[in-house]
Amino acid sequence: MTDFELRRIEEHEINAFASCQASAFGGRYTPDKLESLAEDLRLDRSLAVFDGGDLVATASSYAVLMTLPGLVQCEVTAVTDVSVAPTHRRRGLLTSMMRRQLDDLRSSNEAVAVLFASEGAIYGRYGYGPATFGARYVVDKRRARLLTPFAMPCGPGSGGGPGSVRLVELAQAAEAFPAVYGAYVPTRVGELDRPHGEWAELLGNPNGAGEDARHRFFACYEQAGRIDGYAVYRVAAMDPSDHWRRAVFVEELCSLSDESYMSLWRYLLGIDLTEELRTRSRPVDEPLRYLLEDQRHLRTASLGDRTWVRLVDVPCALGQRRYEEEGAIVIEVEDAFCPWNDGRFRLSVDGDGAGTVERVDAAPDLALPVEALGALYLGGVPFVAMAEVGRIAEHTEGAARLADRMFATRRPPFCTTNF
Ligand SMILES: CC(C)(COP(=O)(O)OP(=O)(O)OC[C@H]1O[C@@H](n2cnc3c(N)ncnc32)[C@H](O)[C@@H]1OP(=O)(O)O)[C@@H](O)C(=O)NCCC(=O)NCCS
């Protein structure tokens, strides 16, 4: 790495930054993608490696609100745009960018970093662990029948008379959907606010180059004049060689009430001339399964990690989230990449679920590497299972079970937005 220069980029270098990224992912960016990258990129948080005049590696980050356990919204750092040109791989460029980035985050008191990993073997060495998970579902529409609900929904937002699903145009979707999503984010652990560019990508450009983007439909559920949920979907061939075998591809579905949730799925499953409904990554506890008369007609096509979490400042990060059960536990953390986190911390949780964290010399109840703590942080990974396979050392009997009760979340954490 000694022959290279690592620094922030300037405005005139944005195109080179984007080209490096596109080539690293084996593609070319469309003008739309370039525009949204330029709009979202924070130059003061960018990093690039230069080999002479050539920009050969990229990374950036932005501050974003994340919903932490206890449904508290906290600013975290979203790490994105990570790439190394195919000509410069395995020469330590990524490691040098991660080093600089984590040092910078520490200096600016940013306690938690999150990212999406293109491959599972890359980020553990830098202290990130997979913390949220998602599944892609396929419903056989020709055979799936929906149950009549036993009870009318009584969740938040229910009542006020029957609502209805209607289709809206892109402009109205662009205006109304972000507010629905914004109201949903604080209700689920792991969710993030969404930057503008991500909205542009989800909603698509009717004049854009991509076939997918031009063929999106926007359905919303409206009740008493209020939009309570939406679905963005496409109807497209399942098999490019057979135009008539078509599926409903659900890009995103977001709802603020149980009625809206059920009505939107009913609508999507009722679309004619389609054999299947296919979703993008959805929560692993998707309630849609229980709407079906025969759950076997819903198949989990894939299950995978979504956000990876890195605790940049362990005591601060542990103090920011809330806990489900009162108790105290001493955790010993090993952090080879960020040794300022090495040590023993007592986490004491009061009856209201607030945690205080102090450095101690006391014997630890549990010991673990920082990437394991990152995975456990949002409550979506069990301590007991990690202890069973030796990812955690349990020094006090029952400590992993106690930690599970303290760190638990009511529903598995999820992150809808890819970044
Ligand atoms: C993944 C990528 C950023 C790695 O960059 P790099 O500069 O080659 O990584 P480094 O040379 O700093 O590698 C550091 C270590 O990680 C390992 N590593 C890097 N990429 C890896 C991968 N994809 N799978 C497994 N190990 C990997 C290296 O072998 C090295 O291990 P070592 O420390 O034991 O020697 C680069 O290959 C790339 O741009 N890939 C395509 C785009 C992409 O996937 N970006 C990440 C988006 S989340």
Side-chain angles (χ1 to χ4, degrees), residues 1-9 13-30 33-34 36-37 40-42 45-52 54-62 64 66 76-105 112-134 190 192 194-195 197-198 201 280-281 302 304-310 312 334-339 369-371 374-375 415-419:
M1 196 31 221
T2 43
D3 301 334
F4 304 120
E5 184 191 6
L6 171 59
R7 62 166 169 84
R8 310 244 173 271
I9 64 160
E13 292 164 325
I14 291 178
N15 279 348
F17 189 91
S19 300
C20 172
Q21 241 189 74
S23 71
F25 284 100
R28 300 246 179 264
Y29 281 173
T30 59
K33 174 78 186 162
L34 197 58
S36 69
L37 181 138
D40 287 340
L41 182 65
R42 293 275 314 270
R45 284 175 168 270
S46 66
L47 284 175
V49 178
F50 292 82
D51 181 357
D54 296 335
L55 193 161
V56 294
T58 67
S60 78
S61 70
Y62 57 94
V64 64
M66 184 182 209
V76 301
T77 306
V79 171
T80 187
D81 295 333
V82 175
S83 74
V84 173
T87 48
H88 284 69
R89 294 208 173 129
R90 309 301 180 266
R91 289 151 79 175
L93 270 57
L94 173 63
T95 301
S96 66
M97 292 192 294
M98 291 285 114
R99 173 77 278 137
R100 171 73 67 85
Q101 192 175 55
L102 285 165
D103 288 342
D104 288 351
L105 298 185
V112 177
V114 295
L115 55 74
F116 268 63
S118 60
E119 291 182 88
I122 303 173
Y123 291 100
R125 60 175 52 76
Y126 308 120
Y128 287 86
T132 69
F133 302 85
L192 295 175
R194 177 178 281 162
E198 300 293 337
E201 212 150 299
R280 285 196 179 269
S281 190
S302 71
D305 52 87
R306 290 186 68 74
T307 13
W308 290 54
V309 171
R310 208 291 173 209
V312 184
E334 267 184 36
D335 190 345
F337 203 67
C338 298
V370 76
E371 63 273 19
C415 180
T416 306
T417 298
N418 295 309
F419 57 93

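Atoms within a ligand are numbered from 1 in the order they appear, just like the ligands themselves.
In this structure, Val82 and Tyr123 approach most closely via the heavy-atom pair CG1-OH, 3.3 Å. Between Asp305 and Phe133, the shortest heavy-atom contact is CA-CD2, 3.6 Å.
Summary of contacts: the protein heavy atom closest to atom 25 (C) of ligand 1 is Ala121 CB, 3.6 Å. Looking at atom 39 (O) of ligand 1, its nearest protein heavy atom turns out to be Val84 N, 2.8 Å. With hydrogens left out, the protein atom closest to atom 38 (C) of ligand 1 is Arg89 NE, 3.3 Å, a heavy atom. At the top of the distance list for atom 43 (C) of ligand 1, counting protein heavy atoms only, stands Ser118 OG, 3.5 Å. Scanning the protein heavy atoms around atom 21 (C) of ligand 1, the nearest turns out to be Arg90 NH2, 3.5 Å. Of the protein's non-hydrogen atoms, Leu94 CB, 3.4 Å is the one closest to atom 9 (O) of ligand 1. In terms of protein heavy-atom proximity, atom 18 (N) of ligand 1 is closest to Arg125 NH1, 4.0 Å.
Cation-pi geometry between Arg99 and Phe337 is met: the NZ or CZ atom falls under 6.0 Å from the ring centre, inside 45° of the normal. Geometrically, Arg310 does not engage Tyr126 in a cation-pi contact defined by less than 6.0 Å to the ring centre and at most 45° from the axis.
The local environment of CZ in Arg28 is sparse, with at most 12 non-hydrogen atoms from other residues, nucleotides or ligands closer than 6.0 Å. Around atom CD of Glu198, more than 12 heavy atoms belonging to other residues, nucleotides or ligands sit under 6.0 Å away.
The atoms of ligand 1 that sit less than 4.0 Å from any heavy atom of Ser83 are 39 (O). Short contacts between ligand 1 and Leu93, defined as distances under 4.0 Å to a heavy atom of the residue, involve ligand atoms 7 (O), 12 (O). Close approach to Phe116 involves these atoms of ligand 1, each under 4.0 Å from a residue heavy atom: 48 (S). Near Thr95, meaning under 4.0 Å from any of its heavy atoms, are these atoms of ligand 1: 12 (O), 14 (C). For ligand 1, the atoms sitting less than 4.0 Å from at least one non-hydrogen atom of Ala24 are 39 (O), 41 (C), 42 (C), numbered in the order shown with element in parentheses.
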Evaluate the criterion side-chain contact (heavy atoms from CB on, under 4.5 Å) for residue pair Thr416 and Arg194; output intermediate values, then yes/no.
CA-CA 9 Å; Thr416 306; Arg194 177 178 281 162; 3.8 Å; yes
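Distance check, rounded to the nearest 0.5 Å: CG of Leu41 to CG of Leu34 gives 10.5 Å. Of the inter-residue distances, the one linking Arg45 atom CZ with Thr77 atom OG1 reads 5.0 Å to the nearest 0.5 angstrom.
One N or O on the side chain of Ser46 and one on the backbone of Ile9 form a donor-acceptor pair closer than 3.5 Å. With Thr58 contributing its side chain and Asp81 its backbone, the two residues share a donor-acceptor pair below 3.5 Å.
For atom 35 (O) of ligand 1, no protein heavy-atom neighbour is present inside the 4.0 Å cut-off.
For a threshold of 3.5 Å applied to N or O pairs, the pair formed by Gly92 and ligand 1 contains at least one separation below that value. Checked against a 3.5 angstrom limit, the closest N/O atoms of Val82 and ligand 1 fall inside it. Some N or O of Glu119 is nearer than 3.5 Å to an N or O of ligand 1, by distance alone. At least one N/O-N/O distance between Arg91 and ligand 1 falls below 3.5 Å. Backbone and side-chain nitrogen or oxygen atoms of Tyr123 are examined, and none is located within less than 3.5 angstrom of a nitrogen or oxygen of ligand 1. Every N/O-N/O distance between Ile122 and ligand 1 stays at or above 3.5 Å.
The side-chain contact (heavy atoms from CB on, under 4.5 Å) test with Val79 is passed by exactly one of Trp308, Tyr128, Phe116: Tyr128.
Under the 4.0 angstrom criterion for non-hydrogen atoms, Tyr126 is in contact with ligand 1.
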